[in-house]
Novice: 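Got a structure for you, written out below as structure tokens; questions coming shortly.
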Amino acid sequence: MPTNRDLRAQLAAAAARLQEVDSPALAAAVDTVLAPRGWAALRATDPDGTAGPNLSVMLDKAARDQIVAAAKAAGTSVTDDVNEGYRSFLAGEYTPRKPVRARYGASVERVNLNVTPVLSLRQQVEEQAGMSAANVAADFLMRKYKAGPYAAGYAADSLQPGAVCNPQVPRTVRDLIRSRAAAAGNKVTDDVNEGFQKYLDGEFTPEALVWADTSDMVNLRMNPNDDLHDKLRAVKGIRPLQVAVAFLLDKYDIDPGAAK
């Protein structure tokens with residue numbers, strides 16, 4: 001059986017051989033699969049791969065435009081991408097983020113992106129995801145094309161602030177965090193939201209906090225997004241506020257064992 005590395009070359013050789021033995025129709029079929037987006041043409045012949053009814057996916061306009069342009073440049077269709085996301089979710093290879101509402105008063109234009117994913121996939125996702133198939137589609141598209149909350153430098157301040165939290169840290173550490181965040185033009189709460197999301201995505205692992213001096217402990221006020229906070233609370237063995245403080249120390253290069 002050909003390996004993935006040899007598959008294209010062997011299919012091309014098969015097409016050439018079919019031409020030699022006077023089977024042009026079969027050769028053309030192989031060439032169709034080898035052509036750009038040939039896999040989509042093949043998938044369309046799957047009895048379970050036919051397009052379903054229209055699904056409206058709500059996105060920020062900037063994210064929608066970026067996704068459409070990137071899919072076109074990649075030679076794929078957004079509907080094929082959504083089907084890919086559904087299959088990845090059902091196979092346990094991808095976990096969608098729950099949508100978070102924009103902060104009250106934020107003026108972000110929202111638009112629809114219409115897709116026609118396979119109906120059977122859509123129905124399975126609706127049953128298993130704990131959110132709408134449209135929200136799963138939106139999250140996967142943004143994830144694939146690094147748009148919205150997956151974009152580099154995404155502003156976490158679009159997340160709604162949650163309940164007030166006051167983890168205890170040494171006064172010198174609190175002052176260092178505040179001053180370095182302010183110098184970078186950041187807010188501590190937005191940094192914490194970033195840290196929570198990176199932890200959930202497996203991009204950050206907190207280290208144990210060992211303070212050099214605990215004689216002057218004070219509150220470090222923050223208002224992390226409630227949805228993110230709840231997700232961390234659901235992780236066994238994790239204390240969310242320790243993750244928050246560990247991320248702040250890591251982001252601003254503060255050594256807990258040296259700050260006095």
Novice: Can you find a heavy atom in the side chain of E84 that is under 4.5 Å from one in the side chain of D81?
Specialist: yes
Novice: Set out, in order, the CA-CA distance, both residues' side-chain angles and the distance that settles side-chain contact (heavy atoms from CB on, under 4.5 Å) for V78 and V57, then state yes or no.
Specialist: CA-CA 11 Å; V78 179; V57 179; over 6 Å; no
Novice: To the closest 0.5 Å, what do you measure between OH (Y94) and CZ (R97)?
Specialist: 9.0 Å
Novice: Taking atom CZ of R178 and atom CG of N186, what is their separation to the nearest 0.5 Å?
Specialist: 15.0 Å
Novice: So for atom CD, which belongs to E207, do other residues, nucleotides or ligands contribute more than 12 heavy atoms lying within a distance under 6.0 Å?
Specialist: no
Novice: Begin from the C-alpha positions of D230 and R233 and carry the test salt bridge (Lys or Arg N to Asp or Glu O under 4.0 Å) through to its verdict.
Specialist: CA-CA 5 Å; D230 288 344; R233 286 192 182 105; 2.7 Å; yes
Novice: What distance separates N193 CG from T189 OG1, expressed to the nearest 0.5 Å?
Specialist: 7.0 Å
Novice: If every non-hydrogen atom of A138 is compared with every non-hydrogen atom of L59, which pair is closest and at what distance?
Specialist: CB-CD2, 3.7 Å
Novice: If you compare all heavy atoms of A163 against all heavy atoms of D226, which two are closest, and at what distance to 0.1 Å?
Specialist: N-OD1, 3.1 Å
Novice: Does NZ belonging to K231 count more than 12 external heavy atoms closer than 6.0 Å?
Specialist: yes
Novice: Quick one: does N225's side chain have a donor or acceptor within less than 3.5 Å of a partner on D227's backbone?
Specialist: yes
Novice: Which heavy atom in Q242 sits nearest to a heavy atom in L209, and how many Å separate them?
Specialist: O-CD1, 4.2 Å
Novice: Under 3.5 Å, is there a donor-acceptor pair between the side chain of Q66 and the main chain of Y145?
Specialist: yes
Novice: Side-chain contact, heavy-atom cut-off 4.5 Å: M131 with D139?
Specialist: no
Novice: Do the side chains of P170 and D213 get nearer than 4.5 Å, heavy atoms only?
Specialist: no
Novice: Identify whether V118 and L90 are in the same connected component of the hydrophobic contact network (ILVMFWY, side-chain heavy atoms under 4.5 Å).
Specialist: yes
Novice: Between Q123 and L119, is any pair of side-chain heavy atoms under 4.5 Å apart?
Specialist: yes
Novice: When rounded to the nearest 0.5 angstrom, what is the spacing between CG in L113 and CG in L55?
Specialist: 9.0 Å
Novice: Which pair of non-hydrogen atoms, one from A134 and one from Y86, has the smallest distance, and what is that distance?
Specialist: N-OH, 4.3 Å
Novice: If every non-hydrogen atom of P206 is compared with every non-hydrogen atom of V243, which pair is closest and at what distance?
Specialist: CG-CG2, 4.1 Å
Novice: Do Y199 and F247 have ring centres separated by under 6.0 Å?
Specialist: no
Novice: So, T116 and N54: side-chain donor and acceptor under 3.5 Å apart, yes or no?
Specialist: no
Novice: Can you tell if the side chain of P53 reaches within under 4.5 Å of the side chain of R122, non-hydrogen atoms only?
Specialist: yes
Novice: Is the shortest heavy-atom distance from the side chain of M58 to the side chain of N112 under 4.5 Å?
Specialist: yes
Novice: Transitively linked via ILVMFWY side-chain contacts under 4.5 Å: V192 with V218?
Specialist: no
Novice: Applying side-chain contact (heavy atoms from CB on, under 4.5 Å) to L241 and N166, what does each step give before you reach the verdict?
Specialist: CA-CA 8 Å; L241 296 184; N166 287 299; over 6 Å; no
Novice: For D60 and E109, what are the C-alpha separation, side-chain angles and deciding distance, and is it a side-chain contact (heavy atoms from CB on, under 4.5 Å)?
Specialist: CA-CA 6 Å; D60 292 354; E109 183 178 359; over 6 Å; no
Novice: Measure the acute angle between the ring planes of F196 and H229, then classify it against the limits of 30° and 60° as parallel, tilted or perpendicular.
Specialist: tilted
Novice: Can you get from I238 to L228 by hopping between Ile, Leu, Val, Met, Phe, Trp and Tyr side chains that sit under 4.5 Å apart?
Specialist: yes
Novice: Any idea which heavy atoms bring V125 and A133 closest together, and the distance?
Specialist: CG1-CA, 4.1 Å
Novice: Measuring from atom CD of Q168 to atom OG1 of T214, what distance do you get when rounded to the nearest 0.5 angstrom?
Specialist: 10.5 Å
Novice: Given the rule in the side-chain contact (heavy atoms from CB on, under 4.5 Å) test, do V164 and R221 qualify, once you have shown the distances and angles that lead to the verdict?
Specialist: CA-CA 7 Å; V164 174; R221 183 186 173 94; 3.3 Å; yes
Novice: Nearest 0.5 Å please: distance from the CD atom of Q124 over to the CZ atom of F89.
Specialist: 10.0 Å
